[in-house]
Amino acid sequence: MHITLIAGARPNFIKIAPLVHAIQKAQAEGKDIQYRLVHTGQHYDKNMSDTFFEELNIPMPDANLGCGGGTQAEQTAAIMIAFEKELTAHPTDLVLVVGDVTSTMACSIVAKKLNTRVTHVEAGIRSWDLTMPEEINRMVTDCLADFYFTTSEVANENLRHAGVSEDRIHFVGNVMIDTLRANEHRFVKPDAFDELKLQEKRYIVMTLHRPANVDEADKLRNLVNQITGNVENEPIVFPIHPRTARIFHDLGIHADNLHIVDPLGYLEFNYLVKHARAVVTDSGGITEETTVMGVPCITLRDNTERPETCTIGTNELIGTNPNNIAPALRILYAGQWKKGAIPPLWDGHTAERIVDILLQK
Ligand code: UDP
């Protein structure tokens, strides 16, 4: 069995790491499985890409397609053209895609058109919000895939409703949590922790990068002002996504308790999250990590494709209206945030289960 693994953007690297390691483990046990790792180049800054390969011990990609930048369509087209050449030169039994970024969708289309089977890891999740580019990526990928590996019973149900037969759906858990479990003993205190004199459970971590929150100056300014003004003077550490940085510096926001830092490596970022009072975010993956670490999470979105982080975990959707921020923070500071539990099969062994199943295909 030969598998081509696709990774293109930050959350992909975190999901692909345990799959590479599970394949390497199977190889060491003498199993017949080889892989080729293709980086599409969708994220290319050192702190959005290379850092994760180094920190998470992901081997250098066998190919880098260098398809960074551009609009949604330009990037999709560039990845499709480059990946068609790559896959024609290096045929495989199976293309494995993870998550919901542009590379996930673009490489799935190319693979199917070259009659190659597609496996989607983190299949079936839906926000039902087609204004999110990620939702379109998920829907297209799940239309084309041959095998579906899922993180939740809700995802299984979504796939069944879409007519996917039961034998192609495999409920295996969450590869992102494999990475968390494998690395939590080696989280690294970032320099900013001591520089900012942070104290355990006495600061907030914030991340914002969704177009709905960051593409409009007034909206972003309002959101950030509401957050900085309602955290009882505690420091807020804001590792700023490149997309947000492009607009943020012109907003004229100055708050003594707001500390903007570059995007952090995985080990540093999750150290900060683990010791924070809470996280304010619009990320998807971070709501899963806070659920597993039991850290309160306030999500500035109207919907989520990961409902179990709310129904089981510590996540609460408060929408994107800035007026909802103060009431949520009052509950947090009153010590009344829900405690949460860990969703089924988010146990650190998902990638091994995936490789075991793929070896039978
Ligand atoms: N992350 C990181 N450094 C940061 C911010 C996030 O390592 O400064 C990690 C985080 O732990 C999670 C992933 O990046 O594993 C989430 O990526 P992102 O929020 O970009 O994507 P989403 O999950 O929303 O698709």
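The model shown is predicted, which means the values in this text are computed figures rather than measured ones. Order of listing sets the numbers, starting from 1, for every ligand and every atom in it.
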field: Worked verdict on Val20 versus Tyr35 for side-chain contact (heavy atoms from CB on, under 4.5 Å)
entry: CA-CA 8 Å; Val20 172; Tyr35 75 95; 3.6 Å; yes

- request: Report yes or no: does a heavy atom of Thr207 sit under 4.0 Å from some atom of ligand 1?
  value: no

task: Answer side chain, backbone, both or neither: which part of Glu268 comes under 4.0 Å from ligand 1, heavy atoms only.
output: neither

query: Just distances here: any N/O of His241 and N/O of ligand 1 closer than 3.5 Å?
result: no

- prompt: Does a salt bridge link Arg138 with Glu122, judged by any charged N lying under 4.0 Å from a carboxylate O?
  reply: no

task: With atom 10 (C) of ligand 1 as the reference point, say which of Arg306, Glu289, His209 has the nearest heavy atom.
output: Glu289

message: Could you tell me, atom by atom, which parts of ligand 1 come under 4.0 Å of a heavy atom of Met176?
response: 12 (C), 13 (C), 15 (O)

task: Considering only non-hydrogen protein atoms, determine which one is nearest to atom 23 (O) of ligand 1 and report residue, atom name and distance to 0.1 Å.
output: Gly285 N, 2.7 Å

message: For Thr281, which part has a heavy atom under 4.0 Å from ligand 1: side chain, backbone, both, or neither?
response: neither

- prompt: Should you measure from each heavy atom of Pro239, which atoms of ligand 1 turn up under 4.0 Å away?
  reply: 8 (O)

Exercise: identify the closest heavy-atom pair between Tyr148 and Asp142: OH-O, 2.7 Å

query: Can you list the ligand 1 atoms lying under 4.0 Å from a non-hydrogen atom of Pro263?
result: 8 (O)

- prompt: Hey, is ligand 1 close enough to Pro11 that some N/O pair sits below 3.5 Å?
  reply: no

- request: Answer yes when Arg168 and Asp146 have at least one side-chain N-carboxylate O distance shorter than 4.0 Å, and no when they do not.
  value: no

- request: Output the list of atoms in ligand 1 that are nearer than 4.0 Å to some heavy atom of Asn270, sorted by atom number.
  value: 11 (O)

- prompt: Between Arg126 and Glu157, is the closest basic N to carboxylate O distance under 4.0 Å?
  reply: no

query: Is it true that Arg160 and Glu166 make a salt bridge, defined as a side-chain N closer than 4.0 Å to a carboxylate O?
result: yes

query: Taking heavy atoms and a distance under 4.0 Å, where does Ser283 meet ligand 1: side chain, backbone, both or neither?
result: both

Heavy atom of the protein closest to atom 17 (O) of ligand 1 (residue, atom name, distance): Arg10 NE, 3.7 Å

- request: Would you mind telling me if ligand 1 is within reach of the side chain of Arg210, the backbone, both or neither, using heavy atoms under 4.0 Å?
  value: side chain

- request: Considering only non-hydrogen protein atoms, determine which one is nearest to atom 9 (C) of ligand 1 and report residue, atom name and distance to 0.1 Å.
  value: Ile14 CD1, 3.8 Å

field: Salt-bridge criterion met for Glu55 and Arg186 (N-O under 4.0 Å)
entry: no

query: Looking at Glu216 and Arg221, does any basic side-chain N land under 4.0 Å from a carboxylate oxygen?
result: no

- prompt: For ligand 1, does Glu134 get within less than 4.0 Å through its side chain, its backbone, both, or neither, judged by non-hydrogen atoms?
  reply: neither

query: Any idea which atoms of ligand 1 are less than 4.0 Å away from a heavy-atom of Phe52?
result: 7 (O)

field: Arg243 bridged to Asp215 by N-O distance under 4.0 Å
entry: yes

task: Looking only at distances, please establish whether an N/O atom of ligand 1 is found under 3.5 Å from an N/O atom of Leu264.
output: yes

- request: May I ask you to identify the nearest protein heavy atom to atom 1 (N) of ligand 1, giving residue, atom name and distance to one decimal place in Å?
  value: Phe269 CD2, 3.6 Å

Residues, nucleotides or ligands: over 12 heavy atoms within 6.0 Å of Asp256 CG: no

field: Distance (rounded to the nearest 0.5 Å) between Cys67 SG and His43 NE2
entry: 13.5 Å

field: Close approach, Glu288 and ligand 1, non-hydrogen under 4.0 angstrom
entry: no

field: Rounded distance (nearest 0.5 Å) linking atom CD1 of Ile16 with atom CZ of Phe53
entry: 8.5 Å

